[in-house]
Amino acid sequence: MYVAIEAEQLAKIYATGTEALRDVTFHVGEGEIFGYLGRNGGGKTTTVRILTGLTGATRGRARVAGVDVVARPEDVRARIGVTLQEAALDELLTGREFLTLVASLWGLPRREAKARAGELLELFDLTAAAGRRIGTYSGGMQRRLDLAAALVRRPEVLFLDEPTTGLDPQSRRALWDEIRRLRAEGTTVFLTTQYLEEAEALADRLAVVHEGRIVALGSPETLRSQLGGTVLRLRTNPADAARAASRLAGRAHLVNGAGTVEIDLEQPADALEAAAALAALGLRPDDVEIHRPSLEDVFVALTGPGAGSRSGTRSGEAA
């Protein structure tokens with residue numbers, strides 16, 4: 001598989017002494033949506049800025065679209081598209097004028113620039129608003145226009161730094177559809193986000209970065225499995241809960257001392273067998289649910305209180 005992004009032992013230490021990145025290593029395959037998760041200040045934007053040639057790394061190496069970012073930053077920028085957290089739009093221009101200008105700045109002749117602007121306006125459902133000033137656009141429309149501008153040159157790799165921040169749910173999902181379409185056409189997408197639902201919906205693989213270090217790397221399913229498998233959770237009176245935990249020793253345990261018992265399941269379908277075993281005990285629970293660890297559970301475990309003391313990369317696969 002062609003590797004679209006390579007980061008090897010990247011580190012960034014600012015003049016103030018702040019260590020923004022510590023030995024960050026990962027690879028992203030061609031046509032992959034790679035999610036990059038972390039809390040504010042965790043190192044997400046610093047990574048994007050290094051990979052796009054906007055800032056230098058203190059040490060380490062990076063290649064994007066097969067090109068060394070340090071040695072040939074201009075060649076890298078010619079192969080990528082970038083949308084940062086703040087859209088760089090001229091609100092006095094119309095949508096069509098803005099995209100035509102961007103295309104012209106990248107060297108397209110005037111006629112081709114206008115044609116490309118028209119293609120992108122149609123692609124992102126902005127044709128009806130093409131003659132309006134950008135300042136009149138909604139937040140979702142401005143985000144779509146910013147993404148359209150990043151695609152003027154049909155980039156091999158697209159960097160999206162928290163592209164849906166501040167968008168309403170409908171606009172966010174519309175942008176998700178565009179990202180999926182780009183991946184289907186072969187574009188590699190590097191996506192930073194704080195929205196776990198977004199990462200779950202879009203990413204083929206995820207890296208969780210905390211305090212400048214990658215603390216987990218793998219598919220969403222791989223990361224969820226780190227916190228354990230599926231459990232059947234039931235609530236009943238303390239005596240029945242204790243009786244169930246005792247009779248199903250090795251598979252069941254009490255939660256918070258009394259009233260709730262959890263039964264470990266190999267797979268969700270095993271819930272039927274567990275329910276039958278409970279019924280045979282004459283147990284009549286007040287509430288029953290099947291629980292699987294969520295991506296939010298993973299994120300909180302890796303970046304919550306005490307997470308800074310952990311080190312290394314957790315993963316079911318190599319970084």
Side-chain angles (χ1 to χ4, degrees), residues 1-5 7 26-40 42-45 47-48 51-52 64-65 80-85 87 120 123-125 139-151 154-210 214-226 292-300 302-303 315-317 319:
M1 178 180 66
Y2 171 73
V3 178
I5 303 173
F26 60 84
H27 297 166
V28 180
E30 182 181 20
E32 183 177 17
I33 297 179
F34 187 78
Y36 204 59
L37 303 179
R39 300 171 64 181
N40 285 338
K44 301 190 303 299
T45 296
T47 303
V48 170
L51 293 175
T52 57
V64 175
I80 66 174
V82 184
T83 66
L84 300 177
Q85 292 183 33
L120 291 167
L123 184 63
F124 286 92
D125 195 25
M141 293 169 67
Q142 290 193 10
R143 263 307 184 189
R144 297 206 306 274
L145 184 66
D146 191 37
L147 182 54
L151 299 177
R154 298 178 174 88
E156 298 175 40
V157 181
L158 179 63
F159 290 89
L160 303 177
D161 192 10
E162 301 193 19
T164 62
T165 298
L167 296 187
D168 61 78
Q170 288 183 324
S171 296
R172 181 176 297 131
R173 290 181 181 274
L175 198 55
W176 290 0
D177 290 341
E178 296 299 338
I179 294 170
R180 292 189 185 101
R181 182 187 58 75
L182 291 168
R183 191 265 304 274
E185 293 179 353
T187 301
T188 302
V189 179
F190 186 95
L191 170 73
T192 78
T193 182
Q194 295 184 74
Y195 296 116
L196 301 178
E197 179 191 10
E198 183 164 274
E200 185 91 54
L202 294 175
D204 301 300
R205 286 190 306 134
L206 301 167
V208 180
V209 60
H210 180 60
I214 289 182
V215 294
L217 176 65
S219 69
E221 185 60 35
T222 297
L223 299 192
R224 283 195 299 266
S225 69
Q226 293 177 4
R292 299 180 68 225
S294 67
L295 207 53
E296 181 175 353
D297 294 329
V298 174
F299 187 80
V300 170
L302 293 173
T303 67
S315 175
E317 57 190 86

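Sorted by first then second residue, the salt bridge (charged side-chain N to carboxylate O under 4.0 Å, His left out) pairs that include residues 155-172, not counting sequence neighbours, are K44-E162, R79-E156. Each salt bridge (charged side-chain N to carboxylate O under 4.0 Å, His left out) pair with one or both residues in residues 193-203, not counting sequence neighbours, appears once here: R173-E197, E200-R224.
The NE2 atom of H27 sits 12.0 Å away from atom CD of E32, with the distance rounded to the nearest 0.5 Å. Interatomic distance, Y2 OH to E30 CD, rounded to the nearest 0.5 Å: 6.5 Å. Annotation: the span from L145 atom CG to T83 atom OG1 amounts to 11.5 Å, rounded to 0.5 Å.
For Q170, the CD atom is loosely surrounded, since the number of other residues' heavy atoms within 6.0 Å does not exceed 12.
For A207, the side-chain contact (heavy atoms from CB on, under 4.5 Å) test picks out F34, Y36, I214, L217, with sequence neighbours left out. Residues passing the side chain to side chain donor-acceptor pair (under 3.5 Å) test with R154, sequence neighbours excluded: E119. Residues satisfying the side-chain contact (heavy atoms from CB on, under 4.5 Å) criterion with A174, sequence neighbours excluded, are absent altogether. R180 meets the side-chain contact (heavy atoms from CB on, under 4.5 Å) test with W176, D177, A201, L202; sequence neighbours excluded. In this structure, the ring-ring contact (aromatic ring centres under 6.0 Å, His included) partners of F159, at least two apart in sequence or on a different chain, are F190. Annotation: salt bridge (Lys or Arg N to Asp or Glu O under 4.0 Å) contacts of R143 (sequence neighbours excluded): D146. Here R183 pairs with D204 under the salt bridge (Lys or Arg N to Asp or Glu O under 4.0 Å) rule; sequence neighbours left out.
What you find for P220 and L206 is that their closest heavy atoms are CG-CD1, 3.9 Å. Nearest heavy atom pair, residue V3 against residue I5, reads CG1-O, 3.3 Å. Across all non-hydrogen atoms, the minimal contact from P155 to G81 is CB-N, 3.3 Å. Across all their heavy atoms, F124 and R144 have their closest contact at O-NE, 3.0 Å. When all heavy atoms are compared, the tightest approach of L223 to A216 is CD2-CB, 3.9 Å.
Here the side chains of L160 and T192 are not in contact, with every heavy-atom distance at 4.5 Å or above. In this structure, the side chains of N40 and Q194 come closer than 4.5 Å at one or more pairs of heavy atoms. When side chains are defined from C-beta on, V157 does not count as touching V28, because their heavy atoms never get closer than 4.5 Å. At least one side-chain heavy atom of L147 sits under 4.5 Å from a side-chain heavy atom of L158. Within the 4.5 Å cutoff, side-chain heavy atoms of P163 are placed close to those of L175. Considering only heavy atoms from C-beta on, L51 stays 4.5 Å or farther from I80 through its side chain.
At distances below 3.5 Å, not a single donor-acceptor pair connects side-chain atoms of T164 with backbone N or O atoms of L167.
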